[in-house]
Asker: 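Dropping a structure here in structure tokens format, bear with me for questions.
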Amino acid sequence: MTQPKKKTTIILFSGDYDKAMAAYIIANGAAAYDHDVTIFHTFWGLNALRKEAPVPVQKGFLEKMFAKMMPRGADRMGLSRMNFAGIGPKLIKKVIKKHNAMPLPQLIEMAKEQGIKLVACQMTVDLLGLKPEELIDGIEFAGVAAYLADASEGNVNLFI
Amino acid sequence: MTQPKKKTTIILFSGDYDKAMAAYIIANGAAAYDHDVTIFHTFWGLNALRKEAPVPVQKGFLEKMFAKMMPRGADRMGLSRMNFAGIGPKLIKKVIKKHNAMPLPQLIEMAKEQGIKLVACQMTVDLLGLKPEELIDGIEFAGVAAYLADASEGNVNLFI
Amino acid sequence: MTQPKKKTTIILFSGDYDKAMAAYIIANGAAAYDHDVTIFHTFWGLNALRKEAPVPVQKGFLEKMFAKMMPRGADRMGLSRMNFAGIGPKLIKKVIKKHNAMPLPQLIEMAKEQGIKLVACQMTVDLLGLKPEELIDGIEFAGVAAYLADASEGNVNLFI
């Protein structure tokens with residue numbers, strides 16, 4: 001009898017570049033160690049899944065406001081501290097390059113290549129007025145029931 | 001032999017409306033799937049348990065200051081980002097209503113109805129100078145030992 | 001046959017005094033209940049491990065900037081909210097003293113005495129330009145693989 005695969009399930013709630021980096025580094029590590037890995041993006045964590053280029057969609061006023069105020073894509077996210085009006089992320093990206101570490105967009109690419117399940121929380125996609133075509137390809141849409149099904153069968157469960 | 005119930009144990013540390021929403025949505029979902037669920041409120045997460053109306057209690061100077069600066073109840077909490085001096089929460093509540101989602105006070109009501117155990121961390125209640133009569137009814141007071149007893153028997157353990 | 005020890009593994013990402021307090025209180029509680037406990041410090045959480053006194057080391061320009069802007073040691077960390085330019089931490093430390101609770105530096109001491117494994121994330125130590133000699137003694141340096149080895153064998157896994 002083969003042992004069931006270990007599971008790592010991460011909720012990415014935060015829209016901060018550094019926190020998203022931590023989430024994706026853990027996720028990629030767990031996938032490398034053969035865990036079944038899911039990242040469930042909710043609230044501001046959805047920004048990591050937005051396409052960089054603006055996508056023409058019909059939206060109401062509130063939804064337009066949210067869309068405008070939220071960063072489009074991983075590369076535009078700010079830091080949880082020492083953001084300094086956008087200088088912080090530039091510095092972090094410099095040291096990432098210097099130390100041959102991976103910037104967030106590449107970590108997301110790698111996650112997809114490793115078969116990590118990237119999920120967008122349907123409820124918050126609706127609340128923030130995002131349209132599926134504004135998010136990157138290859139992701140799933142699901143809710144708390146799907147999250148619990150994954151999380152309750154593994155023990156590395158994080159809320160980031 | 002019946003299987004033991006699954007357990008979901010959430011520490012709500014944050015005093016942000018959106019993070020508390022996430023905590024209560026996961027908790028209510030887990031209870032619906034028949035998990036034993038506990039939300040352990042500590043530090044700023046205690047604000048979600050405060051009564052909306054001011055309660056006349058005797059306090060020292062420091063305790064009065066904390067009480068004054070912290071929001072009274074779930075409905076007055078701010079957002080973790082895009083708070084904009086209180087406009088953000090109003091916008092979120094609008095889209096919640098528009099999409100027939102549940103605002104935080106209702107999520108807390110539902111949690112109580114589902115038998116979710118709501119705990120206030122005794123140590124931080126003391127530190128922040130809160131009195132039991134300032135918190136909503138039907139909650140328990142406990143410490144880290146009680147938290148660990150719950151958390152170490154389940155695997156959906158989150159710090160929010 | 002003896003039962004394997006329970007495991008509690010905490011990632012301390014945050015550089016906030018209150019969040020670090022929560023991490024160390026849970027960790028010390030878990031150690032008292034005989035769990036194997038690890039705190040894995042990454043990003044801003046590394047500040048809790050910095051020595052208070054400046055350590056003369058050779059650094060590049062970016063690394064000097066980071067080092068300058070980050071607090072040296074647990075006692076200098078700010079609050080996640082109500083920080084008020086450093087007054088918040090003073091108030092918290094006052095109420096901690098008043099209620100005979102433990103301030104963060106003492107909680108860290110206690111963690112070491114209880115044999116809690118304190119780990120500094122090697123990758124973020126490098127990114128932030130910290131040198132091993134700037135961090136307190138008795139800690140280990142490791143990466144995501146070591147974290148996963150610990151976390152995947154226990155069920156109290158928190159990201160703080």
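We name chains A, B, ... by the order of the sequence lines, and we start the count at 1 in each one. On a predicted model such as this, the values are computed, not experimentally measured, just so you know.
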Asker: Chain C: which of A/R81, A/M82, A/K94 shares the most heavy-atom pairs with it under 4.5 Å?
Answerer: A/R81

Asker: Using side-chain heavy atoms (C-beta onward) and a distance below 4.5 Å, is C/F159 in contact with A/V156?
Answerer: no

Asker: Please classify the contact of A/Y33 with chain C as side chain, backbone, both or neither, using a heavy-atom distance under 4.5 Å.
Answerer: side chain

Asker: For C/E133, I'd like to know if atom CD has over 12 heavy atoms of other residues, nucleotides or ligands within 6.0 Å.
Answerer: yes

Asker: Pick one of side chain, backbone, both or neither for C/S152, based on which atoms fall under 4.5 Å of a heavy atom in chain A.
Answerer: both

Asker: Sort by residue number and list every residue of residues 5-20 of chain C having at least one heavy atom under 4.5 Å from chain A.
Answerer: C/I11, C/F13, C/G15, C/D16, C/K19

Asker: Would a distance-only check, ignoring hydrogens and angles, find a side-chain to backbone donor-acceptor pair under 3.5 Å from A/N155 to C/G154?
Answerer: yes

Asker: To the nearest 0.5 Å, tell me how far A/L79 CG sits from C/F43 CZ.
Answerer: 8.5 Å

Asker: Of all the residues in residues 98-128 of chain A, which have a heavy atom that comes within less than 4.5 Å of a heavy atom in chain C?
Answerer: A/K98, A/H99, A/A101

Asker: Looking only at heavy atoms, which two atoms of C/L62 and A/L91 are closest? And how far apart?
Answerer: CD2-CD2, 3.3 Å

